[in-house]
There are 2 protein chains.
Amino acid sequence: MRSTPRTEAVPVPTPAASLVFTTVLSHGPLTRTGIARRTALSSAAVTKAVRPLMEAGYLVEGVDEESRPALGRPANPLRVDGGRALFIGVKVTGDEIIAVLADLCCRIRVARHLPLTARDPGAVLASITGLVQELLTEADGFGVEVRGVGLAVSGDVDRGAGVVRYSPFLDWRDVPLAELAGTVTGLPVTVDNDVRALTVAEQWFGAGAGISDFALVTVGAGIGCGLVVHGRVVSGAHGVAGEIGHLSIDPLGPPCHCGNTGCVEAIAGDAAIIRRVREVTGLPVTGSDQALDLAHRGDPGAREVYARAGEAIGRAIGAVVNVLGPQRVIISGEGLAAYDLFAEHIRDAFTASAFGTAAQCDVMTRPLPFEEWARGAAATAIQSFIGTDTQ
Amino acid sequence: MRSTPRTEAVPVPTPAASLVFTTVLSHGPLTRTGIARRTALSSAAVTKAVRPLMEAGYLVEGVDEESRPALGRPANPLRVDGGRALFIGVKVTGDEIIAVLADLCCRIRVARHLPLTARDPGAVLASITGLVQELLTEADGFGVEVRGVGLAVSGDVDRGAGVVRYSPFLDWRDVPLAELAGTVTGLPVTVDNDVRALTVAEQWFGAGAGISDFALVTVGAGIGCGLVVHGRVVSGAHGVAGEIGHLSIDPLGPPCHCGNTGCVEAIAGDAAIIRRVREVTGLPVTGSDQALDLAHRGDPGAREVYARAGEAIGRAIGAVVNVLGPQRVIISGEGLAAYDLFAEHIRDAFTASAFGTAAQCDVMTRPLPFEEWARGAAATAIQSFIGTDTQ
DNA sequence: CTTCTTTCATTGACAGCGGAAAAGAACCCA
DNA sequence: TGGGTTCTTTTCCGCTGTCAATGAAAGAAG
């Protein structure tokens with residue numbers, strides 16, 4: 001389909017240029033001197049790195065007329081022209097595919113859903129391709145080319161090889177997804193674990209921008225965690241990292257599907273909460289919204305379930321903080337809808353379990369729109385496009 | 001004391017030279033081509049980097065006559081001349097100072113002890129200085145100069161600033177130890193947290209050589225953990241990392257001095273084990289050796305205490321592995337004397353709590369001679385001497 | 001005993017990155 | 001119009017690491 005003319009790459013041949021570009025990307029409009037300060041490069045080096053990027057249209061000079069210091073030559077802030085390139089991000093879940101068209105600044109332009117009927121690689125690939133085609137058509141409307149596709153899949157994903165090693169939800173093993181999708185779409189494809197993809201988005205375009213050590217905790221069906229250490233996303237030697245959902249925090253807790261007892265996920269995962277609310281209240285609760293509603297209306301049993309869940313999450317965060325000492329923890333995820341029920345208990349449990357100065361860690365929350373996962377996938381595509389070696 | 005003539009630094013001006021030197025340091029004798037392969041440098045670059053290092057005597061050509069491939073020009077393996085420089089490593093505990101004289105390959109030449117009577121910075125500094133002087137005298141016997149001092153202190157240590165921010169055992173706050181010791185000894189001083197120092201030794205000269213992601217777990221009075229992620233030692237944004245001793249793994253467990261309950265240290269730390277053995281057996285056990293002896297002689301109560309301790313350690317390791325997915329975990333520490341009592345339970349608990357492929361992590365043990373902590377301090381001094389920015 | 005092959009090591013030319021310093025540019029203010 | 005200030009660019013230069021060719025040291029082959 002669509003013979004991609006292997007368009008010219010973004011001109012970031014030198015490490016300095018790459019550094020400059022990612023700096024502007026993450027830190028909004030920045031003057032050349034500002035870039036030099038931030039990157040510890042000489043201003044001459046910045047000038048030289050910026051020129052080809054401007055000529056190619058990736059950087060533009062904002063005519064930002066306010067906030068002038070009123071003395072000396074006025075600064076020429078640079079920013080990335082988001083509209084210069086488009087990317088497609090796709091999140092594959094067990095029963096749905098979400099795809100977004102995002103610009104170079106990872107702002108979402110268009111979002112699409114598609115229910116997933118079959119889970120075998122062929123069927124999923126077909127669905128992905130369909131959505132990608134739709135978005136490519138949309139992209140034509142913007143008159144800008146799509147320069148890459150990112151695919152986010154939960155489970156053990158080898159980004160470098162572009163292979164999904166094992167995905168429990170899809171029941172896949174060793175699927176060379178990047179290659180498959182690449183030949184079908186004719187675009188460069190990046191495949192990564194979903195939580196890591198979200199972490200990349202946060203690192204470049206979100207609350208992790210400019211922070212070298214942080215953790216992103218996702219609360220929802222599962223409890224996950226993406227980690228950035230020394231400015232790089234942690235993948236783990238065996239492709240698994242940030243598995244805080246299966247930290248066992250209570251030997252006497254409920255059994256988990258992983259075979260252990262008292263896992264965070266077995267206490268604070270969506271399914272666990274629903275089951276427990278049902279048990280406690282005796283009501284035929286089947287969905288998160290019902291459980292949530294019950295708790296919001298003041299049902300003490302339901303509230304207690306959420307309190308325990310919050311405590312479990314807080315202790316898991318405490319564990320991460322004690323082990324890694326990150327500067328910040330970002331809590332996000334679909335489960336954030338219940339944050340008002342959680343919040344206090346998360347904070348209390350975290351404070352109690354964090355040791356020493358590690359407790360100074362800044363714990364914050366961020367809402368997670370449903371397309372956010374797909375946006376994470378787009379962020380990985382942008383990362384690959386720029387060619388930074390994951391910093 | 002002793003006016004150090006600020007001797008010429010090791011000639012590693014360029015990143016390539018530094019890379020070459022550390023590669024040879026960690027990976028034993030290596031031919032130039034081997035270095036080029038390992039470092040992804042061109043052979044020309046290796047040649048150029050090696051020359052000044054050989055001229056300065058830091059690298060020597062081993063006349064390694066065996067294991068020749070019998071075809072082509074024979075290789076000239078290079079190795080670091082350990083005897084070319086000496087370093088002093090000092091570990092400061094609450095009641096003792098251990099110092100070693102180590103060579104450039106971090107082999108211990110001389111080791112010394114000194115009981116500590118007072119814990120105020122002045123007294124400790126005096127003791128350190130005394131030991132350092134002794135070792136400097138010893139060093140004269142080798143005819144080689146001492147090129148740096150490393151100090152290892154438990155607690156929150158800012159290596160970059162050379163300041164001990166907070167050490168509970170010494171009851172220090174914000175002591176600029178590097179500066180103090182530097183002016184007194186006239187040598188470059190590196191100050192670091194003790195567990196991190198041990199981790200550095202392991203990373204450069206031990207079971208962590210060549211591994212980019214590993215954890216070092218120390219079992220003894222406390223339960224500590226040093227982490228290497230992306231080839232760099234993790235310090236934590238607030239100076240605290242690897243605090244697995246205060247992971248709370250059992251809400252109903254014994255209280256811990258940190259205010260929490262069921263901390264690993266409150267179950268598997270030396271003091272906790274002794275107390276618990278006393279409670280269980282009713283015998284007036286006061287030392288680790290007595291408790292150990294009791295368990296080794298088959299006392300079921302004591303054995304059970306060690307079993308629980310092993311389980312706690314195993315679960316803590318499981319937590320680290322789930323969060324970081326390291327390639328290897330090295331267990332060490334004074335508590336390793338009880339390893340036969342622990343081992344099985346550590347392994348079982350680890351296996352049970354490790355999730356997915358993270359369980360593939362290689363868990364190994366290493367004996368820890370009493371001077372090892374001081375050797376770690378020496379390793380940090382060597383690191384500073386070479387001037388690698390902690391990789 | 002020479003000549004080949006193979007592998008290891010070195011040399012010299014070279015591209016090009018990034019830094020230092022100085023000059024240029026744009027603005028305000030007197 | 002000329003200073004003062006700050007941002008940006010230019011010019012030159014050192015220096016690093018690569019390329020490709022050459023040299024070196026063996027055993028194998030004729």
Side-chain angles (χ1 to χ4, degrees), chain A residues 9-24 27-55 59-79 386-389, chain B residues 9-24 27-55 59-79 386-389:
Chain A
V10 68
V12 276
T14 105
S18 173
L19 190 58
V20 166
F21 191 62
T22 55
T23 303
V24 177
H27 299 281
L30 224 49
T31 71
R32 289 172 173 78
T33 356
I35 299 171
R37 249 199 321 276
R38 266 216 149 74
T39 57
L41 251 45
S42 70
S43 52
V46 173
T47 293
K48 281 184 254 185
V50 161
R51 197 184 342 265
L53 287 168
M54 283 192 66
E55 277 167 7
L59 289 184
V60 290
E61 285 186 331
V63 276
D64 178 29
E65 276 309 318
E66 65 257 31
S67 77
R68 179 104 49 78
L71 194 57
R73 170 175 172 176
N76 257 9
L78 294 163
R79 58 181 180 77
I386 294 173
T388 321
D389 292 333
Chain B
V10 68
V12 277
T14 106
S18 172
L19 191 58
V20 166
F21 191 62
T22 55
T23 303
V24 177
H27 299 281
L30 223 49
T31 70
R32 288 170 174 78
T33 9
I35 299 171
R37 250 200 317 278
R38 264 215 150 75
T39 56
L41 250 47
S42 70
S43 52
V46 173
T47 294
K48 280 185 246 183
V50 162
R51 192 178 356 257
L53 288 168
M54 283 193 66
E55 276 166 7
L59 289 184
V60 291
E61 285 187 329
V63 276
D64 177 30
E65 275 310 318
E66 65 256 28
S67 76
R68 178 102 52 76
L71 192 58
R73 172 176 170 174
N76 259 10
L78 293 163
R79 59 183 179 74
I386 294 174
T388 320
D389 291 333

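Order of the sequence lines sets the chain letters (A, B, ...), proteins ahead of strands, with each chain counted from 1.
Closest approach of Leu53(A) to Ala17(A), counting heavy atoms only: CD1-O, 4.1 Å. Between Pro77(B) and Pro29(B), the closest heavy-atom pair is CB-CB, 4.1 Å. The two residues Arg32(B) and Val46(B) make their nearest non-hydrogen contact at O-CG1, 3.8 Å.
In this structure, CZ of Arg51(A) is placed 14 Å from P of dG18(C), rounded to the nearest angstrom. The distance between atom CE of Met54(B) and atom P of dA9(C), rounded to the nearest whole Å, is 11 Å. In this structure, Glu61(A) places its CD atom 14 Å from P of dC7(D), rounding to the nearest Å.
In this structure, Ile386(B) CD1 and Leu19(B) CG are separated by 11.5 Å, a value rounded to the nearest 0.5 Å. In this structure, CZ in Arg37(A) is found 8.0 Å from CG in Leu30(A), a value given to the nearest 0.5 Å. The OG1 atom of Thr22(B) lies 8.0 Å from the NE2 atom of His27(B); values are rounded to the nearest 0.5 Å. Atom OG1 in Thr31(B) sits 8.0 Å away from atom CG in Leu78(B) (nearest 0.5 Å). Atoms CD1 and CG, from Ile35(B) and Leu59(B) in turn, are 7.0 Å apart once rounded to the nearest 0.5 Å.
Of the residues in residues 30-40 of chain B, Thr31(B), Arg32(B), Thr33(B) come within less than 4.0 Å of DNA chain C through at least one heavy atom, sorted by number.
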Under 3.5 Å, which protein N or O atoms sit close to an N or O of nucleotides 15-17 of chain C? Give each pair with its distance.
none

Problem set entry | Summary of protein contacts for nucleotides 19-25 of chain D, nucleotide by nucleotide, where a base hit scores B, a sugar-phosphate-only hit scores S (4.0 Å, heavy atoms) | B---BBB
